[in-house]
Amino acid sequence: MRIMVAVPSFWPSQDGVASITGYLAEGLAAKGHEIYVLTSAGKGGLQELPEREMHEGVTITRMRVHTQWPLFIRGRDKKSTEQTYWKYIRDYNPDVLLVVCAQTWTLDWIIPYLKRLQCVKVFYSHGYSLLKERYSYQEYLKKRNIVGAWAEYKCKKYYDHLYKYLKLFDRVIYLSEQSNAALYAEKHALVNGTILKNAIDDRFFDETMRHQYHDTELISYLFVANFNENKNQEMLIRAFCRAKIGKSRLVFVGFEKNEYYDHLQDVMGEELDQRQEKEVVFYVHISRQEVLNLYKTCDVFVCPSKSEIYPIVAHEAAATGMPVISTDVGIYSKITGAYIVNDVEQMRTAIEDLYNHTEERKRRGQAAYEWICGQGCRIQDKVDWLEEDLQRLLLKSKPLNSED
């Protein structure tokens with residue numbers, strides 16, 4: 001099969017969308033399929049990455065797209081527009097077009113062309129972070145916040161109509177039955193959906209990655225996520241710095257520096273008492289092996305996010321037997337032994353508890369590992385399933401004829 005994947009972030013990004021799309025694309029390429037990924041550079045299109053390259057058997061082309069959804073999606077050059085996106089698809093003439101994520105250019109720019117596409121069309125949802133039961137644009141207007149009101153109104157109109165476009169896809173894939181995208185599909189009686197839960201790198205299940213829970217002089221807390229307000233790293237910094245603990249380290253791993261990253265440096269300056277035995281470390285642009293090493297050597301995984309759907313990093317942490325502290329988002333509350341918190345003070349308390357009690361770290365970490373072992377998270381199973389599903393859809397499809 002000739003498969004084109006349109007995804008907002010891809011290798012070398014370390015976020016969940018890039019990781020999941022990466023193992024599926026590379027897995028399909030390893031099985032002999034021709035995979036072409038169309039993605040965007042980081043920093044709103046400012047990241048210095050090659051326009052075109054090969055990685056693990058996958059051809060990658062990058063556009064420079066700046067997205068501030070729902071206010072605008074804007075190409076930074078003539079090669080990064082809605083029209084060039086459509087031209088890439090027509091020129092490649094794929095058997096399958098796999099569109100990843102809503103609320104960004106990959107879906108929004110293809111909507112006007114969906115009825116003209118004769119190839120198999122698949123949409124892979126990673127959840128709808130701005131889907132709400134109620135939109136408060138009238139409240140924004142009362143406060144004379146015109147930009148806020150306009151953004152809320154655009155979100156409402158988007159989700160009022162999105163289901164009509166999803167019907168045009170041969171398949172829509174959701175991360176879990178409980179994701180808001182799957183519930184949205186159920187509400188609008190969409191019948192083209194299926195579930196493909198996250199998988200994690202098999203290396204996380206290697207015995208060398210398993211935590212041993214020894215008493216140690218320094219306890220390290222880890223969070224792996226891009227730097228943005230939804231991931232809420234600010235909350236974690238404040239909780240960590242205020243915790244009454246001794247020698248300790250808070251480690252952040254993200255794809256790139258940005259305005260929120262700079263804001264976090266200011267927060268750290270406000271909160272971190274240099275007299276304490278604490279340090280906060282930020283990593284950007286590090287290799288996958290380096291990320292694996294951090295999972296192996298850090299002691300506690302901490303997620304402060306405001307919203308999540310089915311985060312892959314939660315599964316990775318559980319596979320190493322790390323105890324998990326998290327806000328009540330996504331599937332974190334389903335992880336056996338997870339320490340669920342709701343605010344800075346509760347997170348501070350959780351950090352202190354796991355710092356002071358080795359046996360509690362062990363109990364929660366082992367419970368998380370036992371939980372993940374029952375989740376069916378192996379990558380090869382996911383790749384095989386997707387290949388079989390795409391082949392079935394292709395057999396049912398009309399003869400390929402990609403005309404303007």
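We're numbering straight along the sequence, starting at 1. Just so it is clear, the values below take in all heavy atoms, side chains as well, and ignore hydrogens, waters and symmetry mates.
Summarising the geometry of Tyr135 relative to Cys155, their closest heavy-atom pair is CE2-CB, 3.5 Å, with the distance given to 0.1 Å. Between Tyr355 and Lys247, the shortest heavy-atom distance links the atoms OH-N, 3.0 Å. Between Ile372 and His315 the shortest heavy-atom distance is CD1-CD2, 3.4 Å.
For the residue pair Arg74 and His66, no side-chain donor N or O sits within less than 3.5 Å of a side-chain acceptor on the partner. In summary, the side chains of His285 and Glu256 do not present any donor paired with an acceptor at a separation below 3.5 Å, with no hydrogens or angles considered.
Between Tyr140 and Trp150, the distance separating the two ring centers is not shorter than 6.0 angstrom. Between Phe282 and Tyr261, the ring center distance clears the sub-6.0 Å criterion. Ring centroid separation for the pair Phe252 and Tyr283 does not come in under the 6.0 Å cut-off. Taking the centre of each ring, Phe169 and Phe123 come in below the 6.0 Å mark. The aromatic ring centroids of His161 and Tyr163 lie 6.0 Å or more from each other.
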Quiz prompt | Residues Lys143, Glu139; criterion salt bridge (charged side-chain N to carboxylate O under 4.0 Å, His left out); working and verdict | solution = CA-CA 7 Å; Lys143 297 176 182 178; Glu139 285 81 353; over 6 Å; no
Practice problem: Apply side-chain contact (heavy atoms from CB on, under 4.5 Å) to the pair Ile200 and Ile379, showing each step before the final yes or no. | Solution: CA-CA 6 Å; Ile200 59 178; Ile379 285 178; 5.7 Å; no
